[in-house]
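The block underneath contains the structure these notes are about, expressed in structure tokens.
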Amino acid sequence: MKKLSPLQIERLQYQPKLPSSLQNGVNSLELVEGSATQSVRDQEQIQALFENTYGKPTVTFNSSSSSNSSEVRNVGVILSGGQAPGGHNVIAGLYDALKNANSSNKLYGFLGGPSGIIEGKYVEFTDEFINDYRNTGGFDIIGSGRTKLETEEQFKSSLEVCKKLNISAVVIIGGDDSNTNAALLAEWFVKNNTGIQVIGCPKTIDGDLKNEQIEISFGFDTATKTYAELIGNIQRDANSAKKYWHFIKIMGRSASHVALEAALQTQPNVTLISEEVEAKKMSLSSIIDYMVDIIVRRSNSGKNFGIAVIPEGLIEFIPEMGSMISNLNDIMASLESDSSFTSASASEKFSIVESKLSSENAKVYASLPALIKTQLLADRDPHGNVQVSKIETEKLLIEMISSRLDEMKSAGQFSGKFSAQSHFFGYEGRCAFPSNFDADYCYSLGFNAFALINFGLTGYLSSVRNLTQPADQWIAGGVPLTMMMNMEKRHGEMKPVIQKALVRLDGPVFKQLQDNREDWAMNDRYLFPGAVQYFGPSSVCDITTVTLQLERSKELASV
Ligand code: FBP
């Protein structure tokens with residue numbers, strides 16, 4: 001028999017909330033169509049690529065007093081990409097909606113991510129199976145993977161597997177790339193008259209899958225609350241011992257939403273925002289200047305300690321680094337199967353790469369410590385990009401700041417102490433038990449995904465909005481995936497992709513940081529959020545992030 005922790009037992013009892021429109025099940029709904037939509041950019045190209053699924057209207061569900069019967073449906077579900085808290089509840093919501101609509105409906109889970117549907121690896125969900133995973137973190141119910149579902153051959157294999165299981169709809173739970181693939185699959189299924197629908201669900205702790213229709217991706221709330229709890233604990237340690245600077249890198253790949261939200265929840269002394277670094281064209285050396293200035297000023301007022309929050313993707317946003325990394329990505333792609341490179345020693349690899357980089361980029365590469373040079377040569381992700389989670393930017397900054405302070409010491413410009421500790425928070429938050437907010441949001445997204453299926457829609461992303469209000473006031477509906485797309489360069493070719501949302505430097509969330517930066521740098525305004533994901537004052541633990549509240553209050557003020 002499985003042994004469960006006391007919190008696990010407690011969370012299994014949690015009953016996720018639904019928007020009032022969905023509370024009577026998917027057979028008691030009416031669908032309200034908005035107007036026809038367009039892609040965010042590159043309309044002609046996107047329309048040409050998605051002839052059958054482009055331009056559909058957004059849809060909203062209202063509860064209806066009449067009750068319709070629902071035909072028997074088999075549905076398949078895929079968890080795709082990095083883990084995000086709440087994935088299990090999306091599946092639980094989908095399962096409950098599907099069984100509630102017709103008890104003969106079946107839900108299949110494809111194993112190990114998108115490769116499961118290609119290779120026909122699956123499980124059939126039952127009450128008993130699902131019940132063990134309700135309100136738990138992780139994606140281990142069926143596993144996840146990063147296989148890109150995009151080729152004709154993969155689509156054909158997926159069709160065969162769906163036919164075998166009599167599946168008429170597939171739900172893909174993923175981030176921007178996985179939902180781009182969901183849009184391609186939806187289009188292919190329509191084009192080939194298969195009758196199979198595809199619905200996406202917005203997942204990623206990174207918080208960069210958002211737009212006017214999707215307020216936030218799931219997992220962002222729990223992950224940021226978890227990191228904020230950890231940062232708060234470190235701040236208390238730093239404030240107690242008063243001897244270390246803690247450099248904390250926080251996950252989020254390109255966008256700095258996670259670092260920014262965690263900073264707003266904890267008020268550390270320094271918060272770097274990659275989008276700002278890029279906009280201000282800050283070199284690595286000017287970032288060091290900025291941080292050294294705060295370290296020295298704090299030291300002069302007797303504080304040889306502090307907290308610096310660093311977004312995971314920073315390195316790619318520093319102009320000279322970004323240019324060198326993109327040059328390096330191309331070189332790495334060409335060296336991938338070159339055995340004289342793959343079998344070379346570390347120092348030989350450095351020289352090979354330097355000889356192939358442009359002279360400017362070679363200088364930047366050569367100036368880096370060996371540790372970072374090696375990390376920059378690690379395997380690329382499926383898109384050919386460097387895996388920023390593997391680059392210890394926090395250590396790079398510590399090393400460069402230490403040498404700068406040593407020089408200043410020798411020149412009599414610094415008499416304090418600098419002793420640093422580095423941390424990387426990423427995996428610690430991706431599989432935490434979903435917060436109350438994520439447990440409710442995810443369950444609603446899954447439930448709503450089945451409502452979209454029941455109305456025969458395809459190529460839509462499940463959308464639940466009005467998230468700063470109590471769950472019963474949330475608005476359920478769907479957004480055509482093509483509406484969020486534009487053309488971007490991938491592997492040297494222009495491809496249709498869902499546009500990533502980066503931190504807006506003209507938005508209220510960044511402004512909140514900007515307005516307080518100097519105060520937080522010099523005065524210790526640390527906040528210690530604690531573990532508020534599940535229990536505690538409902539004004540904190542049941543509501544969503546500072547980011548979304550600031551964004552929504554600005555939107556409402558402008559109405
Ligand atoms: P998704 O975009 O798939 O949601 O993954 C996000 C993420 O957690 C990033 O924050 C991080 O850079 C990356 O995954 C790490 O990937 P991996 O799990 O492969 O190490």
Side-chain angles (χ1 to χ4, degrees), residues 78-88 90 112-115 137-140 142-150 172-182 200-210 214 216-227 230 248-262 273-275 309-317 325 329 375-376 378-394 423-432 434 438 441-442 445 461 484 488 490 497-503 547:
I78 298 170
L79 287 164
S80 181
Q83 284 69 252
H88 290 163
V90 179
S115 60
F139 278 6
D140 44 329
I142 47 174
S144 186
R146 291 197 183 274
T147 302
K148 282 169 67 64
L149 199 54
E150 58 180 0
I172 298 184
I173 302 170
D176 51 345
D177 287 320
S178 312
N179 277 297
T180 297
N181 296 340
C201 280
K203 169 236 75 168
T204 179
I205 62 155
D206 299 355
D208 56 5
L209 174 50
K210 65 173 170 181
I214 301 296
I216 196 66
S217 53
F218 78 76
F220 178 73
D221 182 79
T222 310
T224 52
K225 281 177 176 152
T226 306
Y227 302 141
L230 298 176
I248 309 172
K249 185 177 76 169
I250 305 198
M251 231 182 213
R253 207 190 296 266
S254 301
S256 307
H257 298 293
V258 180
L260 178 54
E261 171 65 27
I273 298 296
S274 306
E275 292 82 343
V309 165
I310 298 144
E312 182 185 52
L314 176 73
I315 194 149
E316 286 193 301
F317 284 74
I325 290 172
N329 286 343
Q375 291 167 354
L376 282 167
D379 289 344
R380 270 36 193 170
D381 71 8
H383 308 283
N385 296 321
V386 73
Q387 297 188 58
V388 278
S389 58
K390 292 193 173 154
I391 304 196
E392 293 174 299
T393 320
E394 66 284 19
H423 313 264
F424 170 35
F425 295 155
Y427 303 99
E428 294 80 350
R430 288 203 317 189
C431 283
D438 269 329
Y441 181 40
C442 290
L445 283 170
L461 190 62
M484 304 169 209
E488 285 176 27
R490 296 284 156 94
V497 291
I498 291 181
Q499 202 178 43
K500 237 186 219 315
L502 297 179
V503 168
T547 301

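Whatever order the structure lists ligands and atoms in, that order sets their numbers, starting from 1. Predicted, not measured: the structure shown is a model, and the values here were computed from it. In what follows, every heavy atom counts, from backbone to side chain, and hydrogens, waters and symmetry copies are set aside.
Protein heavy atom in closest approach to atom 3 (O) of ligand 1: G82 N, 2.8 Å. Summary of contacts: the protein heavy atom closest to atom 19 (O) of ligand 1 is R146 NE, 3.3 Å. Among all protein heavy atoms, the one lying closest to atom 20 (O) of ligand 1 is Y427 OH, 2.5 Å. Closest protein heavy atom to atom 4 (O) of ligand 1: T204 OG1, 2.9 Å. Atom 12 (O) of ligand 1 has its closest protein heavy atom at E312 OE1, 2.8 Å. Among protein heavy atoms, atom 10 (O) of ligand 1 sits closest to D206 OD1, 2.6 Å.
Within the structure, ligand 1 has K203 among the residues with a heavy atom less than 4.0 angstrom away. For the pair A84 and ligand 1, no heavy-atom separation below 4.0 Å is found. Using a 4.0 Å cutoff on heavy atoms, G81 counts as a contact of ligand 1. Ligand 1 lies nowhere less than 4.0 angstrom from a heavy atom belonging to K390.
Among all heavy-atom pairs drawn from V503 and E275, the shortest one is N-OE2, 3.0 Å. Taking each heavy atom of A84 and G219 in turn, the nearest pair found is CB-CA, 4.2 Å.
Listed for the K249 side chain is a donor-acceptor partner under 3.5 Å among the backbone atoms of I391. A donor-acceptor contact shorter than 3.5 Å links the side chain of E428 to the backbone of G426. Side chain of S217 to backbone of T204: a donor-acceptor contact under 3.5 angstrom is found.
Contacts with ligand 1 closer than 4.0 Å are made by side-chain heavy atoms of R430 only, the backbone lying farther away.
The shortest N/O to N/O separation between S80 and ligand 1 does not fall below 3.5 Å.
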Do E312 and I250 pass the side chain to side chain contact (heavy atoms under 4.5 Å, CB included) test, and can you show the C-alpha distance, the side-chain angles, and the key distance before you say yes or no?
-> CA-CA 5 Å; E312 182 185 52; I250 305 198; over 6 Å; no

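Using a 4.0 Å cut-off to heavy atoms of R253, the atoms of ligand 1 that qualify are 2 (O), 5 (O), 6 (C), 10 (O), 12 (O), 13 (C), 14 (O). Of all atoms in ligand 1, numbered sequentially from 1 with element shown, those under 4.0 Å from a heavy atom of G252 are 10 (O).
Using cut-offs of 30° and 60° on the angle between ring planes, the pair F425 and Y227 is parallel.
Judged as a side-chain contact (heavy atoms from CB on, under 4.5 Å), and not counting sequence neighbours, the contacts of P311 are S256, A259, L272, S274, L314. K500 meets the salt bridge (charged side-chain N to carboxylate O under 4.0 Å, His left out) test with D176, D208; sequence neighbours excluded.
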